[in-house]
Amino acid sequence: MAFGKGCHLHLIDGSAYIFRAYHALPPLTRKSDGLPIGAVSGFCNMLQRYIDGNANGSDAPTHVAVIFDKGSHTFRNDLYDQYKANRDEMPEDLRPQIPLTRRATEAFNIACKEIEGFEADDIMATLACQARDAGGRVTILSSDKDLMQLVGDGVEMLDPMKNRRIDREGVMEKFGVGPERVVDVQALAGDSVDNIPGAPGIGVKTAALLINEFGSLEELLDRAEEIKQPKRRQTLIENRAQIELSKQLVQLDRDMALDFTLDDLEVRDPDPDKLLEFLAEMEFRTLSKRIADALHVEAPVIMDTDPGGTEVEGPADLPFAPETYERIRDMDALQRWIDRINERGYVAFDTETTGLNEMQADLVGISLAVDPGQACYVPLTHRAGGADDLFGSDDLAEGQLPLDDVLAALKPVLEDEAVLKIGQNMKYDAKILARHGVAIAPIDDTMLMSYAMNAGLHGHGMDALAERYLGHTPIPIKELIGSGKSQVTFDRVDIDEAVKYAAEDADITLRLWQRFKPQLHQNQVTTVYETLERPLVPVLAQMEMAGIKVDREVLSRMSNAFAQKMAQLEDEIHELAGEKFNVGSPAQVGEILFEKMGLEGGKKGKTGKYSTPADVLEDLATEHDLPARILDWRQVSKLKSTYTDALQDHIDPDTGRVHTSYVQTGASTGRLASTDPNLQNIPVRTEEGRRIREAFVAEPGKVLLSLDYSQIELRILAHVAGIDALKAAFRDGQDIHAMTASEMFDVPLDEMTPEIRRQAKAINFGVIYGISGFGLARNLRIPRAEAQGFIDRYFERFPGIRAYMDDTVSFAKEHGFVQTLFGRKIHTPEINAKGPGAGFAKRAAINAPIQGTAADVIRRAMVRMPDAIAGLPAKMLLQVHDELLFEVDEDAADKVTEVARDIMEGAAEPAVKLDVPLIVDAGRGGNWAEAH
DNA sequence: CTAATCACG
DNA sequence: GACGTACGTGATTAGC
């Protein structure tokens, strides 16, 4: 039935329903796996009550929809960055229930609508106006006062809890004006819940009085001079802009572009099978029974499972059967999979490629899985001839679909907000797909789930996870492509073999996901996963794809200079030693120094060879030239082989830039790791090394912009250990090392010497690392007893530090993990071990919350950064633990600095309010050396 | 494949 | 009382 006269549209405020349900019910969890489902349960009950109510009433709707908010950033945030800024973050156990409420709505066969970047209120406003214009009636099921502006001319509201209708009179009662002037009153009165500023000192009562007197807000503002009360007059004149902004914020968008029509919202009867299947999945026994009765069908049997006890026989225990995986040969078969995926709402996804470099590797095939044991592989560009054919063939093998056709068919699903794509290390697949114009989203990643739950316990690669959690050893890739010199690329692999391998990966990923998903809550790391891991994937992918421009000429010239210098040093060294030997061999260096020359300090490692680290050679260098020259040679050799030579090989031939890969699960503390190449250890400490950064350049007309947190770990230490003196020093912007030195050595600040300050600095850093007398002594080159004296004195002056360390270690001993301020867990399995390992584990446990919290802070900044700099001519390129590097149009550098600095300095909030300010230093220049 | 060394925060 | 120690990474090279 087309919507028109005589029709009656119901609009249900989905988000309000969810929050009501959440707060009305205790935190119920699904019995089988602990998934929180309280809000879903309440939501379903409310929907059922709503349907029951309509069945008996004479005023039943002809059309109905549940409308949800989608995305946290809307046009209102663009108008006013503080919009809804004081809202608490969504509770951890509610977040995973949000998608389930969408599924619940669909299970009830009620239209479920949301539009990215818009609030439900705007969609409801648009629909209400369309319905009214078509001559129908509208009831909005909500008590939200923001919706009252829509009332009138056949539009009413109904408070579903109090069952009270709100019409024109109701609105008059609430706001003192009619619906058409509600926004004017709201603009003046403001709203603390949504953080609408309004006019200071003016509430609803006064606002209504003024509006009624002048007729409209615009009239009032234009004739503000006529207001009798001087205070009020001044407020309105002074805050005109703020009031006008407030009006824009409260005014609902009644004219949104919708991708559906009123006709799509027609009331439909639920499909009993689908509805009951969903309720059974949620394990809602009572509700299932009640609904089954109402629909006159049999209620499903919901098994009692035994949480935490023996594993319940389930699909995850299905044996792996590689020969049952499907090989996709035609578009019909592919379409059947796409249909299944759409029905399901999720799919495990994996790509096979010709290499590990996402910028260069070519797509070879795609695998999909929707149920354990149900997986397929779509071969795309396998070559004819196979792996045994020495010469290979560039012709495509038979029985494959054209890559473009397959991607065109899959693209809508891969980009569908309603279909979750599950992967293991999805950043890789996302980058491959991005090169084919597919922006995969939303995603879940089993590697990141494992990392959020089990950092510090074990690795998070697919093979390790399959072994550990599924008791299954995946087919080794080496069986297909070989290893070493005879290794081939995946496109040379026989397709039938590839099916078994590739589809198995998707199958494993799906099974891991089914296992991990509910465990996130049980481990209380849902927020960590949802805010620090999952949203970082697209951010890192963008940074990696952007890359940084590296000037090959600069590197090449430096390499030549280094080669000359090495040859020269080598001659000197051989001369001094009296014989030729390999300077690059620590064993040979040890022989020469400690046996031939008979120098002191030679220690042998477990291999029986002399050890010759830099600090030992430095000690010897005060007396002898040879160790000094060897140190010089090593420095040059390092710079050449690791940097000036190796970096040139990493310049991408297509982009002329270097594209690193970040390993999100690389460090147990939450830090990122950078590989191929590692751009997080480019030299900076020595002048000679720092010059390598001159090769990292901005494009013409642009600059590199470096923003780094100042002393972030020490600031976090001051906060978590609660050291008032340190906190005060940071708040006052003092020199923290000088202040520490002054406190410890009783030297007034104005008499501070660089040497005393240097020692205090070493102690401050030592504390972060879990200080020991031995370590400090070695670092400062002072007797161990003296170092211990420093430490004792430090603990005496800052007793909170010792308490923090003791508390952290005992927490680790009791729980087996430590935590960051943002809830990240770092497991410490060795903490209760005896022997030499105990000391390591203790210091790691002390360091992890500090290093990890700093890592969380910059991750939060990175997640927010793309939105913050959207529209600015700027790209975020690199992260170096406490630094972010951007490439920016020269004339936008000031603006970007301001925006990015705000994001970084405010990154802890609102989740954590630090007792110390976070300060970000900025620099810029044509190359990285100038910017840093 | 591992140990030694050294680059970074 | 002795033991062995700063925290977190990755790349390169030598040498088995």
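When reading the values below, keep in mind they use all heavy atoms of this one structure, side chains included, and skip hydrogens, waters and symmetry mates. Here is the naming used below: chain letters follow the sequence lines, and residue numbers restart at 1 for every chain. It should be emphasised that the depicted structure is a prediction, and the values quoted were computed from it without experimental measurement.
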[X]: salt bridge (Lys or Arg N to Asp or Glu O under 4.0 Å) partners, not counting sequence neighbours:
| X | result |
| --- | --- |
| K761(A) | none |
| E618(A) | R781(A) |
| D632(A) | R629(A) |

Practice task
With sequence neighbours excluded, tell me which residues meet ring pair (Phe, Tyr, Trp, His ring centres under 6.0 Å) with H932(A).
Solution key: none

Exercise for the section: Using the test ring pair (Phe, Tyr, Trp, His ring centres under 6.0 Å), find all partners of H881(A) that sit at least two apart in sequence or belong to another chain. Expected result: none

Problem - Rounded distance [0.5 Å steps], CD in E905(A) versus CD1 in I919(A) - result: 5.0 Å

Exercise for the section: For Y529(A) and M453(A), indicate whether the former's side chain and the latter's backbone hold a donor-acceptor pair under 3.5 Å. Expected result: no

Return the residues of [range] meeting this criterion: a heavy atom under 4.0 Å from some atom of DNA chain C. Order them by number, or give none.
| range | result |
| --- | --- |
| residues 577-585 of chain A | N582(A), G584(A), S585(A) |
| residues 756-764 of chain A | A762(A) |
| residues 792-825 of chain A | none |

Fill in the blank from the handout: Bounded by its outermost nucleotides with an atom under 4.0 Å from a heavy atom of chain A, the footprint on DNA chain C reads dG4(C) to dG15(C)

Handout entry: More than 12 heavy atoms from other groups under 6.0 Å of CD on Q564(A)
Key = no

Would you give me the side-chain donor-acceptor pairs under 3.5 Å for residues 844-851 of chain A, sequence neighbours excluded?
| from | atom 1 | to | atom 2 | distance (Å) |
| --- | --- | --- | --- | --- |
| N847(A) | OD1 | Q851(A) | NE2 | 3.2 |
| N847(A) | ND2 | I768(A) | O | 3.1 |
| Q851(A) | OE1 | T669(A) | OG1 | 2.8 |

Practice task
Treat primed atoms plus P, OP1 and OP2 as sugar-phosphate and everything else as base, then score nucleotides 3-9 of chain B 5' to 3': B for base contact with protein heavy atoms under 4.0 Å, S for sugar-phosphate contact only, - for none.
Solution key: -SSBBBB

Practice task
Answer yes when R924(A) and E887(A) have at least one side-chain N-carboxylate O distance shorter than 4.0 Å, and no when they do not.
Solution key: no

Exercise for the section: Could you provide the dot-bracket string of DNA chain C, using ( ) for intrastrand pairs, [ ] for crossing pairs and | for bases paired to another strand, with Watson-Crick or G-U pairs below 3.5 Å? Expected result: ......|||||||||.

Problem - Pair Y794(A) and F798(A), ring centroids less than 6.0 Å apart - result: yes

